[in-house]
Amino acid sequence: MAEKSSLLTKNPFEPNSFTSLDQTNDSFLINHHQCADSDDEVIPTIDYLMLFSDGQDQQFKALQYLGQLVNHNISDHVFEDIFKGISDFFALTNLEERMVYEKKSHTDMMRWGLRSSSEENREYFKVIAHLHQHFPSKPSNFCKILEEYLKEIRGIVLGLARAVSKTLGFEECYIEKALNLKSGFDVSAMNLYPPNYKSNDRIGLPEHTDPGFCVTLVQDVNGSLQVLSHQGKWINVYFPHNAILIQLGDHLEILTNGKYKSHIHRVIVDNNKMKRISVATLHGPSLDTFVSPAPEFVDEADHPVAYIGMTYKESLDANGGDEIDVQSSMEKISL
Ligand SMILES: O=C(O)CCC(=O)C(=O)O
Ligand SMILES: [Fe+2]
């Protein structure tokens, strides 16, 4: 995770500003009545299919507002299964069984953790989701459920990469090639808040950005997740049932030399009454892909190179973290 001080000084909402939908008449942004507090800004809803409509204009506008994705064609049963599978994993296995996946070495393919402190309050289980997959054998059908969910979600991400590329004025496969997404390193974090239904303080997950091209996030119930707006205000994120929240990752920011910014977010678990499960999948370049600002986004006068180039693996290692932990190292990468 990037440090708080550096996060607060950057502007995460250029050009993908989160603005109230009331400020736009764009038909592809669905005006969704959300249960946000009245003064909350609203996270725009994007119709996935509209990203592939003919008008460049529409695509461009849609991608400025990357947010919660609907009309993605993933069937409801995939969502039901994944939440049931995770819930069973945390409920049907006992603590000793889960502790088998506690950190052993930096090459762990699966990682479990239970945090209960003033800094972080969650139970999580992380798996490597791509290029190779590593899943637990219990509960018995968990493997199959994860496989199906991750296959569907990857299809969406490759589609997004094509739409973003076209929006930027490049050939469709520009981002896919630049980040070598076909061989991308993806990690899924399955999070349970509060851990064992009991938090020690109000922070579920401290503020951070995530590495990679983008993060897909699904949740079983609304509440707890917040995103930092360009006014420096935390927005409560509420999104429709079975929508997918798309957050941009650090490596799209690096590739575009800061044109797209990675999103700063955190989780608050103020009370212990609500149980929430989320699946955050970080979709990264392949580990050996060298990512640096592309020449198309650099000009000496107005947009000098703002990030150090390095391989994805080096960037994951830069703060001493493990690959499976996929922590941001933006404070080490930014010039
Ligand atoms: O649980 C959430 O809503 C956010 C999770 C997250 O940001 C992460 O795992 O990186
Ligand atoms: Fe995150």
Side-chain angles (χ1 to χ4, degrees), residues 1-4 6-7 10 12 18 34 36 43 66-69 79 82-83 86-87 89-90 110-116 119-129 146 149-150 153 157 185-195 197 199 202-228 234-253 261-270 274-284 315-316 319 321-330:
M1 283 176 212
E3 273 165 16
K4 191 173 179 171
S6 63
L7 290 176
K10 72 182 215 173
F18 286 170
Q34 297 168 306
I43 306 291
L66 266 186
Q68 50 205 16
L69 206 65
F79 291 86
I82 189 84
F83 295 128
I86 296 169
S87 185
F89 174 78
F90 285 121
M110 292 183 261
R111 173 79 52 85
W112 171 85
L114 179 62
R115 304 273 181 270
S116 197
E119 316 251 291
E120 184 176 342
N121 286 279
R122 69 167 170 161
E123 183 167 350
Y124 66 84
F125 183 59
K126 294 183 182 184
V127 297
I128 294 183
L146 278 167
Y149 172 77
L150 291 167
I153 214 85
V157 168
F185 180 73
D186 296 356
V187 170
S188 269
M190 294 165 258
N191 304 302
L192 174 71
Y193 306 95
Y197 303 77
S199 64
R202 64 187 294 266
I203 302 294
L205 199 54
E207 65 182 80
H208 65 283
T209 64
D210 288 305
F213 163 52
C214 73
V215 180
T216 51
L217 186 127
V218 297
Q219 60 180 4
D220 63 344
V221 290
N222 264 315
S224 307
L225 177 63
Q226 298 185 331
V227 178
L228 193 66
W234 287 106
I235 304 170
N236 292 316
V237 177
Y238 298 104
F239 57 100
H241 187 59
N242 293 355
I244 303 166
L245 184 77
I246 306 292
Q247 303 193 86
L248 302 183
D250 296 342
H251 289 75
L252 185 64
E253 176 170 336
K261 300 277 194 226
S262 55
H263 293 143
I264 301 168
H265 52 285
R266 70 177 185 186
V267 176
I268 300 293
V269 276
D270 264 336
M274 191 181 84
K275 174 189 156 203
R276 175 173 170 268
I277 285 173
S278 71
V279 188
T281 305
L282 282 62
H283 305 271
S315 76
L316 296 180
N319 62 7
D322 286 357
E323 279 161 26
I324 194 165
D325 272 340
V326 267
Q327 305 282 307
S328 175
S329 297
M330 279 304 255

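Atoms within each ligand, like the ligands themselves, are counted from 1 in listed order.
Using modelled atom types and a 3.5 Å distance limit, the side chains of D186 and T281 yield no donor-acceptor pair.
When all heavy atoms are compared, the tightest approach of Y193 to N121 is CD2-O, 3.5 Å. The two residues D250 and S329 make their nearest non-hydrogen contact at OD2-N, 4.3 Å.
I246 is not listed as a side-chain neighbour of V215, based on a closest heavy-atom distance of 4.5 Å or more. Under the 4.5 Å side-chain criterion, counting only non-hydrogen atoms from C-beta, H251 is in contact with P211. Considering only heavy atoms from C-beta on, I153 comes within 4.5 Å of H283 through its side chain. With contacts defined as side-chain heavy-atom distances shorter than 4.5 Å, the pair R115/P195 does not qualify.
For a heavy-atom separation below 4.0 Å, the residues in contact with ligand 1 are R122, A189, N191, Y193, L205, H208, D210, L217, L225, H265, V267, R276, S278, A280.
Distance check: Q68 CD to I244 CD1 gives 11.5 Å after rounding to the nearest 0.5 Å.
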Go through it in stages, so that I can follow the logic: the residues are M274 and S224, the test is side chain to side chain contact (heavy atoms under 4.5 Å, CB included), and I'd like the CA-CA distance, side-chain angles, deciding distance and then a yes or no.
CA-CA 9 Å; M274 191 181 84; S224 307; 3.5 Å; yes
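Note on the Fe ion (ligand 2): protein N, O or S atoms under 2.8 Å away count 3, no waters included.
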